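As structure tokens, the structure follows; a few thoughts come after it.
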Amino acid sequence: MLEGCVAFLAAIFVGTLFEYLVHRLMHGGKVLGRKHAEHHRDGWGQGVLGEFFDYTLGILAIGWVGFLYSIPAGIGFALGGIVYAVLVAYAHQVQHEQPELVFWLVRPVHHLHHKHHMWRHNFGILVDFWDRVFGTYKVVEWKPERRAREFPLRAFFRVKWY
């Protein structure tokens, strides 16, 4: 049981690193450069389900790694990868639609990444941790008209889902 729980958390941690690195590679034109440039021009997410599908493709590339250690670790890592994909898909979509709802970050870095056309800063989506570790975090002014706690619960579900 412990192996599975540790692997579950490790998958989320690794997922955030993978997200950061792939996003940086996108901005360097190394991975999906043209598609990502379109995303910046359009400025919208694909809906939570579309985003989930894209992130799940990335999880499939590494989701099996836990099984190299043990079956419980493999199951935990795979489940952690799926949960990560759900979380980051929602985080991506909500930062495009209602960044004020991003209560878990001081600043909604992905929203600011787009708003200020940051091609070298703020690559995180779910977390800003890796931007801070690798020196790409850039503080910019963020003064939302309303804070997340001022929104009704239903506002958190009013995003494009598909």
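Bear in mind the structure is a predicted one, so any value in this text is a computation, not a measurement.
When all heavy atoms of V127 and L105 are compared, the pair lying nearest together is CA-CD2, 4.0 Å. Closest approach of A7 and A73 over heavy atoms only: CB-O, 3.2 Å. Shortest non-hydrogen contact noted between E3 and S70 is OE1-OG, 2.6 Å. Among all heavy-atom pairs drawn from G81 and A11, the shortest one is N-CB, 3.6 Å.
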Original post:
What's the verdict on side-chain contact (heavy atoms from CB on, under 4.5 Å) for Y90 and F156, showing C-alpha distance, side-chain angles and the deciding distance?
Top reply: CA-CA 10 Å; Y90 177 81; F156 291 85; 3.6 Å; yes
**OP:** Evaluate the criterion side-chain contact (heavy atoms from CB on, under 4.5 Å) for residue pair V102 and V94; output intermediate values, then yes/no.
**Re:** CA-CA 7 Å; V102 180; V94 79; 3.8 Å; yes
Original post:
Is there a ring-ring contact (aromatic ring centres under 6.0 Å, His included) between W130 and F18 once you walk through the steps?
Top reply: CA-CA 10 Å; W130 297 112; F18 195 69; over 10 Å; no
Original post:
Where do T136 and N122 land on the side-chain contact (heavy atoms from CB on, under 4.5 Å) test, with the steps shown first?
Top reply: CA-CA 6 Å; T136 55; N122 295 351; over 6 Å; no
Original post:
What do the steps show when you test F8 against V83 for side-chain contact (heavy atoms from CB on, under 4.5 Å), and what is the final call?
Top reply: CA-CA 9 Å; F8 179 89; V83 168; 3.8 Å; yes
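In this structure, I82 CD1 and I12 CD1 are separated by 11.5 Å, a value rounded to the nearest 0.5 Å. Separation of atoms CG (L101) and CZ (R158) is listed at 11.0 Å; rounding is to 0.5 Å. With rounding to the nearest 0.5 Å, the separation of CH2 in W161 from CD in E51 is 12.0 Å. Taken from NE2 in H110 to CG in D131, the straight-line distance is 11.5 Å, to the nearest 0.5 Å. If you take CG on L49 and CG on D54, they are separated by 10.5 Å, rounding to the nearest 0.5 Å. Between the NE2 atom in H116 and the NE2 atom in H121 there is a gap of 12.0 Å [rounded to 0.5 Å].
Side-chain contact check for Q95 versus L112: every heavy-atom pair is 4.5 Å or farther apart. Looking at R107 and D128, their side chains never come closer than 4.5 Å, going by heavy atoms from C-beta outward.
Side-chain heavy atoms closer than 4.5 Å link hydrophobic residues (I, L, V, M, F, W, Y) into clusters, and following such links, possibly through other members, connects F151 to W104. Y69 is not connected to L9 by any chain of hydrophobic side-chain contacts under 4.5 Å among Ile, Leu, Val, Met, Phe, Trp and Tyr, and they are in different clusters. Two different hydrophobic clusters hold V106 and W142 under the rule that ILVMFWY side chains link at heavy-atom gaps under 4.5 Å. Both V109 and F129 are members of a single hydrophobic cluster when ILVMFWY side chains are connected at heavy-atom separations under 4.5 Å. Cluster membership check: F13 does not share its hydrophobic cluster with V22, using side-chain heavy-atom separations under 4.5 Å among Ile, Leu, Val, Met, Phe, Trp and Tyr.
Heavy-atom neighbours of F53 CZ from other residues, nucleotides or ligands within 6.0 Å: at or below the threshold of 12. Heavy atoms of other residues, nucleotides or ligands lying less than 6.0 angstrom from CZ of F134 number more than 12. Within a 6.0 Å radius of CG in L17, more than 12 heavy atoms belonging to other residues, nucleotides or ligands are found. Enclosure of atom CZ in R120 is not indicated, since only 12 or fewer non-hydrogen atoms of other residues, nucleotides or ligands lie within 6.0 angstrom.
Although no hydrogens or angles enter the test, the distance criterion places a donor-acceptor pair under 3.5 Å between the side chain of Q93 and the main chain of G47. At least one donor-acceptor pair under 3.5 Å links the side chain of E19 to the backbone N or O of I125. Panel note: side chain R146, backbone E100; no donor-acceptor pair is recorded below 3.5 Å.
Shown are L126, V14, L79; of these, the side chain to side chain contact (heavy atoms under 4.5 Å, CB included) with Y84 is made only by L126.
In the model, H113 has a side-chain atom that pairs as donor or acceptor with a side-chain atom of H27 under 3.5 Å.
In this structure, R147 fails the cation-pi test against F103, since its NZ or CZ atom is not both closer than 6.0 Å to the six-membered ring centre and inside 45 degrees of the ring normal.
Remark: aromatic rings of H111 and H96 are distant, center separation not under 6.0 Å.
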Let me check something: any side-chain donor-acceptor pairs from residues 55-65 under 3.5 Å, sequence neighbours excluded? List them with distances.
residue : atom : partner : partner atom : Å
T56     : OG1  : F52     : O            : 2.7
W64     : NE1  : A61     : O            : 2.9

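Using cut-offs of 30° and 60° for the angle between ring planes, the F123 and Y20 rings count as perpendicular.
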